[in-house]
Amino acid sequence: MRYVILRDGEQVPVEVQERDGGYLVRLGGVTHEVDSREVVPGLLSLLVNGESWEVTVYSPEPNFYHVHLWDGMRRVELLSPIDVVMRSQGGATAGRGLHVRSPMPGKVVRVLVAPGQRVTKGDGLVVVEAMKMQNELQAQDDGIVREVRAREGENVEGGVDLVLLDPVDG
Amino acid sequence: MRYVILRDGEQVPVEVQERDGGYLVRLGGVTHEVDSREVVPGLLSLLVNGESWEVTVYSPEPNFYHVHLWDGMRRVELLSPIDVVMRSQGGATAGRGLHVRSPMPGKVVRVLVAPGQRVTKGDGLVVVEAMKMQNELQAQDDGIVREVRAREGENVEGGVDLVLLDPVDG
Amino acid sequence: MKKVLIANRGEIAVRIIRALRDMEMSAVAVFSEADRAARHVRLADEAYCIGPPPSSESYLNMDAILDVAKRSGAEAIHPGYGFLSENAEFAARCAEAGLVFIGPPPAAIRAMGEKTQARRIMAKAGVPVVPGTLEPLRDAEEAAAEAQKVGYPVMLKAAAGGGGKGMRLVHEAKELRAAFRDASSEAVQSFGDGSVYLEKAILKPRHIEMQILADAYGNVVYMGERECSIQRRHQKIVEEAPSPMVGPEMRAAMGEIAVKAARAVGYVNAGTIEFLVDERGRFYFMEMNTRLQVEHAVTEMVTGIDLARAQIRIAAGEKLRFRQEDLSIRGSAIECRIYAEDPENHFLPCPGKIEAVRLPEGPGVRVDSSVFTSGEVSLYYDPMVAKVVTWGRDRIIAARSMIRALQEFQIVGIRTNRNFLLQIVSHPEFLEGRLDTGFIPRILGEREFRSPGPHPVADIAAAIFAYESARRQKPCVGGATTGPSAWRRATGRG
Amino acid sequence: MKKVLIANRGEIAVRIIRALRDMEMSAVAVFSEADRAARHVRLADEAYCIGPPPSSESYLNMDAILDVAKRSGAEAIHPGYGFLSENAEFAARCAEAGLVFIGPPPAAIRAMGEKTQARRIMAKAGVPVVPGTLEPLRDAEEAAAEAQKVGYPVMLKAAAGGGGKGMRLVHEAKELRAAFRDASSEAVQSFGDGSVYLEKAILKPRHIEMQILADAYGNVVYMGERECSIQRRHQKIVEEAPSPMVGPEMRAAMGEIAVKAARAVGYVNAGTIEFLVDERGRFYFMEMNTRLQVEHAVTEMVTGIDLARAQIRIAAGEKLRFRQEDLSIRGSAIECRIYAEDPENHFLPCPGKIEAVRLPEGPGVRVDSSVFTSGEVSLYYDPMVAKVVTWGRDRIIAARSMIRALQEFQIVGIRTNRNFLLQIVSHPEFLEGRLDTGFIPRILGEREFRSPGPHPVADIAAAIFAYESARRQKPCVGGATTGPSAWRRATGRG
C-alpha cells in the first residue's frame with residue numbers, strides 16, 4: 001500500500017508491504033524492516049531494523065495521527081491513494097479550520113454564537129471549562145456559523161465538534 | 001433476591017435487596033449495608049457498613065465463586081431459589097465429581113482412558129503438563145467414562161472439562 | 001492512637017494510608033461522590049461519602065468530615081496538603097470535638113498564614129527576611145514610597161497568599177500602580193482579602209526550603225533542605241534533596257535558622273520553611289508551610305526517615321526518636337510531578353478516563369500515585385496524578401534514573417506533562433545543577449515546551465497503524481461487528 | 001563500553017536494561033518467539049529474535065546469541081542469572097569472539113561449578129566447609145563408610161548440582177543405599193553427571209550468603225550478608241539484608257572469609273558465597289554462585305550500591321570506586337518472590353494471560369517485574385513474575401511495608417503465591433526473626449499453606465456478584481449481545 005505524508009506542504013511517499021509476518025516500509029527512499037505488535041490497543045511495539053520502539057498512536061480524525069515516541073508527540077498527516085485522489089479533486093471542502101473542536105474534555109459554560117452569524121478570525125465562539133479554568137475557543141478564520149453543536153452546561157469529550165463554520169467565499 | 005450458601009452441608013440464607021443505589025444484604029440473621037462498585041471486570045470495591053474491601057471474584061462454574069480477600073481465597077457455593085428447587089428435585093444428576101477438569105492451563109500429554117471404560121476412584125485419567133511438570137488427574141469416584149474431551153498434544157485452559165464420567169448405579 | 005481519618009483524596013491520601021498501615025493503625029477515608037472508586041477509598045479500612053463532587057461541598061465540608069470522625073470512632077485527623085490542611089479554624093474544631101489534628105497548633109497556623117504578620121514575627125526572632133514592608137500596604141501611594149525605599153525591582157505579594165496568586169513583579173516605578181491594582185484584586189478573588197505587601201525582588205533566585213520536625217516537648221530538628229527552583233508559573237514541578245547549591249555549612253546555617261523560625265511560633269509537627277536564595281547564597285525567609293509538602297518524599301529518600309509516620313507519632317504525643325546528630329543524608333533524590341495537562345496545548349488540564357497505565361519501577365524508583373487502569377481524572381480536583389521520585393548515590397545517577405523512569409511511565413487515555421518533565425531533567429543545565437526560578441522559560445522558551453521535530457519512526461508507526469486499521473476493518477463492512485469498536489479503542493488518546 | 005547484549009529474559013533482563021540506561025549505554029535484547037511482546041524487548045534499544053520458545057533453542061542457544069552480538073555491534077554480554085550465566089563454555093566463547101563476558105573468568109566458574117572441587121579449594125584456602133567428603137563418592141559402600149565417619153544425619157549432594165536437585169537427607173544407616181541411588185540418578189537426569197558427595201547434615205540450619213565484588217586489579221570487598229533461610233523445597237522465597245542473626249562482628253568474620261574464598265579462585269565481578277549456619281552461629285561454605293543473584297536487590301537497598309552497574313563497570317575494566325571502609329548498611333530490606341503458581345493446588349505453576357495488574361508502590365517499595373496488563377506468563381520459562389522489595393529503618397518496618405505492598409499487589413488473570421507470602425511475612429516467628437530452612441513446613445504445616453476460613457465479606461461479595469451478573473444478563477436473552485461477554489470477562493480468574 002502506498003501512502004503519502006503531508007508535511008510543510010511537501011508530499012513524502014511511504015510504502016507498506018507485508019513480508020514474513022512483518023513489514024517492509026519504504027520511506028523517503030530508504031527501506032526499513034519493521035516488525036509490529038499491538039500490545040494493548042493504541043500501544044505498538046515496533047522493531048525497526050532491530051531498533052526497539054514503543055509508540056502510542058491515536059487518530060483524532062481521519063488521516064491524522066498523533067504518534068508519541070520517548071521524547072514527545074508528532075502529528076503525522078497520512079493519506080491513502082484514495083485520499084490523495086479525493087483531495088486533488090477538491091473533495092475536502094469541509095476543511096479542518098472550519099470545525100471548531102473542544103481541545104480537551106470539559107464542560108461547555110457559554111456559547112457565544114448562533115447559526116447564521118458571521119464571525120471574523122479571533123472571535124470567541126464557545127467557552128469550555130475544565131478544572132475551574134475557562135478556555136475560550138476562537139475562530140481560526142473568517143466564516144459563517146453553519147451549526148452549533150455545543151450546549152451550555154453539557155460535558156463534552158476532547159476532539160468533539162462544537163461549532164461548524166462555512167468559509168466566507170469558500 | 002434470596003440465595004442460599006451451601007457450606008459443610010449446611011444451608012445459610014443470604015438475601016440481597018437494592019436500596020439507595022447500594023444493597024442491604026441479610027446474612028445469617030445480620031443485615032449489612034453494602035455499596036458495590038466493579039472497578040475492572042472481576043474486581044469489586046465493597047463498602048460493608050463502612051468497611052472498605054477490595055475483592056476479586058471469579059466464577060469457575062455456575063453457582064461456585066472464588067472470592068479473594070486480602071488474606072486468601074474462599075470458595076463459596078451459592079444457589080438462587082431456582083437452583084435450590086432444581087437440586088431438591090434431583091436436577092443435578094451430573095454431579096461435580098463426575099466432571100474431570102483441568103486444574104490449570106497446560107498441555108494434554110497423555111489420555112489414559114477411553115469412552116465406555118470403567119474406572120475406580122484414584123485411577124489416572126489424563127496427564128496434563130505445565131512448565132515441564134506433569135500432573136495426573138485421577139477419578140474422584142468410581143464411574144464409567146461417558147466422554148473424553150481431552151486430545152493428546154492439545155493446549156487446554158484451566159477449568160475445562162477433560163473427561164465426563166457416569167456414576168456407577170447413580 | 002488506633003484509628004485515623006484522612007481528610008483528603010488523591011495520592012496524598014493514599015500515602016497517609018500507607019503510613020498508617022505500616023504503623024498498624026486503621027485508616028478512615030472520606031470521599032466525594034466523584035471518588036467512590038478512587039484508590040484511597042479502596043485501600044482504606046473504612047470509607048464514607050461526605051458529599052457531592054465540588055470540594056466546597058465535600059473535602060472542605062468540615063461538618064461532614066467531623067461527623068464521619070465521630071461515627072467511625074477515629075481519634076485523629078490527618079489533613080494531608082491543600083484542602084483543610086492550613087485552616088486554623090478546622091484545627092481548632094478538631095480539638096473542640098476531642099480529635100487530634102495531625103498538624104501544628106491553630107495559633108501557629110494563624111501566625112504563619114498571614115504573610116506580613118509572619119514577616120514581623122520572623123524579623124523579630126532574628127530570621128532574615130527579604131527587605132520590604134512588614135505591614136500590608138494602605139494604598140498605591142504607600143506602595144510607591146516603599147518601593148522607592150527598597151529600590152526596584154520589587155515584588156508585590158498578597159498577605160493572605162500562596163501558590164503564586166496575587167503576586168506581581170514590578171521593574172520600574174511607572175508600572176507600580178497598575179500592578180498594585182492587579183495584585184490586590186487577584187488577592188480579593190483568591191483569598192477574600194485584598195491586602196498586599198512589598199518585598200525587594202531577588203533576581204534569578206533559588207527556592208530552597210528546609211524541612212523541620214518538632215515534637216510537643218520542645219525538641220526541634222531540621223531534616224535537610226529541598227531545592228524547588230524548577231517552577232512553572234510559581235507551581236513547583238521538579239524538586240530535589242539535597243540542593244546542588246547547599247553544602248554542609250550552608251545546610252547547618254539554614255537549618256538552625258529554620259529551627260529558630262519554628263520555635264518563634266511554638267511550632268509542633270512537620271513543617272517547612274521556604275527561603276529565597278540569591279546567587280551568592282544569601283537566604284531570606286519567604287513563608288512557612290504548616291503541613292506536609294507534596295515534595296516531602298525526596299527528604300524521606302535521602303534521610304531514611306518517614307515524615308508521615310513521624311507526624312502521626314508526634315501528634316500521638318511521642319517524643320522525637322532521633323536527635324539532630326543522628327540524622328545524615330545519603331545520596332540524592334529527585335521528584336517529578338505528573339500532571340494531567342497538555343504541554344502542547346498551553347498546559348490545559350486534561351481530565352478523562354485512564355485506559356491503561358504503566359508505572360515505572362526498578363532500582364531507585366518510588367511512585368506515589370492515585371492513578372489506575374479504568375480510573376478517572378476528575379474535572380473537580382487538582383490535576384496532579386502521580387509523583388515519581390528517584391534516588392541515586394549521586395545527583396547524576398538520580399537524574400538519569402528519573403529520565404529512565406519517566407520514559408517507562410505510560411498513561412493511555414489522558415495527556416500528561418511527562419515529555420515536558422523529560423525536557424527539563426535531561427537538559428544539560430539541569431544536569432549541571434544550574435537552577436533558578438526562571439529555569440523553565442530560559443531553557444524552553446516562552447511556550448515553555450519544545451515540540452520535537454519529525455522522526456522517521458513516527459511516520460512508520462502512523463503508516464503501519466493506518467495499514468493495520470484498514471486491514472482490520474475490511475472483513476467488517478456492512479455489519480455491527482467488532483471492526484469499528486476495535487478502531488475506536490485503538491484511537492484512545494495516547 | 002557503549003553497547004551491551006543481555007542474554008536473558010524476564011525481570012532480570014529488564015533490571016539490566018535499567019542499569020544500562022542509567023549508565024547511558026545501549027541495551028540489546030534477545031528474545032524467543034514466545035517473548036516478542038515481552039517487557040525486556042520493548043524497553044531495550046534493540047531487540048532480535050533468537051529462536052523458538054524452548055530455552056534450549058533460544059536463550060541457551062550460544063550460536064544465535066553470539067551472532068546477534070556480532071550483528072548488533074555489542075561489546076559485552078550480560079548473562080543475568082540462570083540460562084548461560086554459570087556456563088564456563090559460554091564465557092570462554094564470548095572471549096574468543098572478542099566480547100566481554102560480564103561475569104567471572106571461565107576458570108573461576110569451572111572451579112566453583114563442580115562442588116567437590118570447590119570444597120577442596122575452599123578447605124585448602126582456609127575457608128570452613130561442612131565436614132564430609134572432598135571427592136565424589138565411588139559407590140554406596142564408600143558413602144556408608146564416610147557417613148559412619150562424620151556421623152548421621154548426613155546430606156548426599158550432587159557434585160554438579162544446585163537448586164536442590166540430587167539432594168537427599170539421610171537420618172540413619174539403613175536409608176543410605178536407597179538415598180544414594182536416588183540422589184545419583186536424579187543427578188544424572190538433572191546435570192548429566194551422577195557424581196554425589198556427602199556432608200554432615202546441619203539441623204535447623206540458616207542459609208546466609210555473603211555478596212562480594214571483585215575488580216580485575218585484586219580489590220575485593222564484601223557487601224554484607226543476605227538471609228535466605230525461608231525456602232520451599234530448596235527454593236528461596238523470602239530474602240533479607242541484613243540477617244537478623246548477624247551482628248557487626250559476625251558480618252566482618254563472614255565477609256573476610258568470603259573475600260578469601262573469592263581470592264582463592266581468582267574471582268572477578270559480583271559473586272555470592274553461600275554459607276550454612278548452625279544454631280550457634282558457626283558458618284560453613286556451601287557453594288559460590290558466580291553471577292548476580294535473584295535477591296541482589298536487598299543488598300542494593302541497604303548499601304545504596306547498584307550491583308548491576310558495578311558488574312558492568314568491573315567488566316569494562318574500571319577499578320572499584322569504594323573500599324571496604326566506605327560501605328555501610330542503612331536499615332533493613334526484605335524481598336518476596338512472586339510466582340505464577342497456586343498455593344491452594346500444590347503450588348502448581350499457573351501460566352496464562354494477565355488481564356490486569358496493579359503493582360505496589362509508595363514509600364520503601366521497589367518492584368522488579370516483567371508483568372504487564374495483557375502480558376502472558378509462558379509455559380516455557382521460570383514462573384517467577386516479579387520481585388517485591390521493601391526497605392525500612394528497621395526490620396519490623398520493612399516487614400510491615402512488605403505486608404502492605406503484598407496486599408496492594410494485584411494480578412487478575414493468573415494465580416500467584418501472594419497469599420502464601422503474606423502468611424509467611426505476617427507470621428509472628430518471621431517478625432521475630434526466628435528463621436531456618438525448615439520454617440515453612442514448621443509454620444504452615446505439611447501442605448505449606450493454610451486456606452483461610454469462611455468470611456462474611458466473601459459471602460456478601462459472591463451474593464452481590466451473582467445478583468449483578470444476573471441483572472446484567474437479563475436484557476440480553478436470545479441475542480448476540482454484550483451480556484455473555486461481560487459475564488465471561490467478569491469471571492476471569494482472580
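From a predicted model like this one, the values you see are computed outputs, not experimental measurements. Here is how names work: the chains are called A, B, and so on, in the same order as the sequence lines, proteins then strands, and each is numbered from 1.
- Of the listed residues (C:Ala297, C:Gly362, C:Ala19), the greatest number of heavy-atom pairs within a distance under 4.5 Å of chain D belongs to C:Gly362.
- Contact check on D:Asp306 versus C:Arg393 returns no salt bridge, with no Lys/Arg side-chain nitrogen under 4.0 Å from an Asp/Glu carboxylate oxygen.
- Neither the backbone nor the side chain of C:Arg321 has a heavy atom closer than 4.5 Å to any heavy atom of chain D.
- For chain D, no part of C:Met402 is nearby; none of its heavy atoms comes within less than 4.5 Å.
- Atom CZ of residue D:Arg330 and atom OG1 of residue C:Thr303 lie 6.5 Å apart, to the nearest 0.5 angstrom.
- Taken from CD1 in D:Ile17 to CD in C:Glu408, the straight-line distance is 9.0 Å, to the nearest 0.5 Å.
- Annotation: maximal heavy-atom pairing with chain C below 4.5 Å, among D:Lys387, D:Arg358, D:Arg15, D:Arg18, occurs at D:Arg18.
- The greatest number of non-hydrogen atom pairs below 4.5 Å with chain C, out of D:Met301, D:Gln407, D:Arg39, is found for D:Arg39.
- Between chain C and the residues D:Arg21, D:Glu24, D:Arg366, D:Glu361, the most heavy-atom pairs under 4.5 angstrom are made by D:Glu361.
- With a threshold of 4.5 angstrom between heavy atoms, C:Val367 approaches chain D through its backbone and through its side chain.
- For C:Ser328, the parts lying under 4.5 angstrom from a heavy atom of chain D are both the backbone and the side chain.
- Of all non-hydrogen atoms in C:Ile397 and D:Asp22, the two that sit nearest each other are CD1-O, 4.2 Å.
- Rounded to the nearest 0.5 Å, atoms CD (D:Glu355) and OG1 (C:Thr373) are 12.5 Å apart.
- Without hydrogens or angle criteria, D:Glu300 side chain to C:Pro363 main chain gives no donor-acceptor distance under 3.5 Å.
- Per-residue heavy-atom pair counts under 4.5 Å with chain C were compared for D:Glu11, D:Arg42, D:Arg309, and the maximum is reached by D:Arg309.
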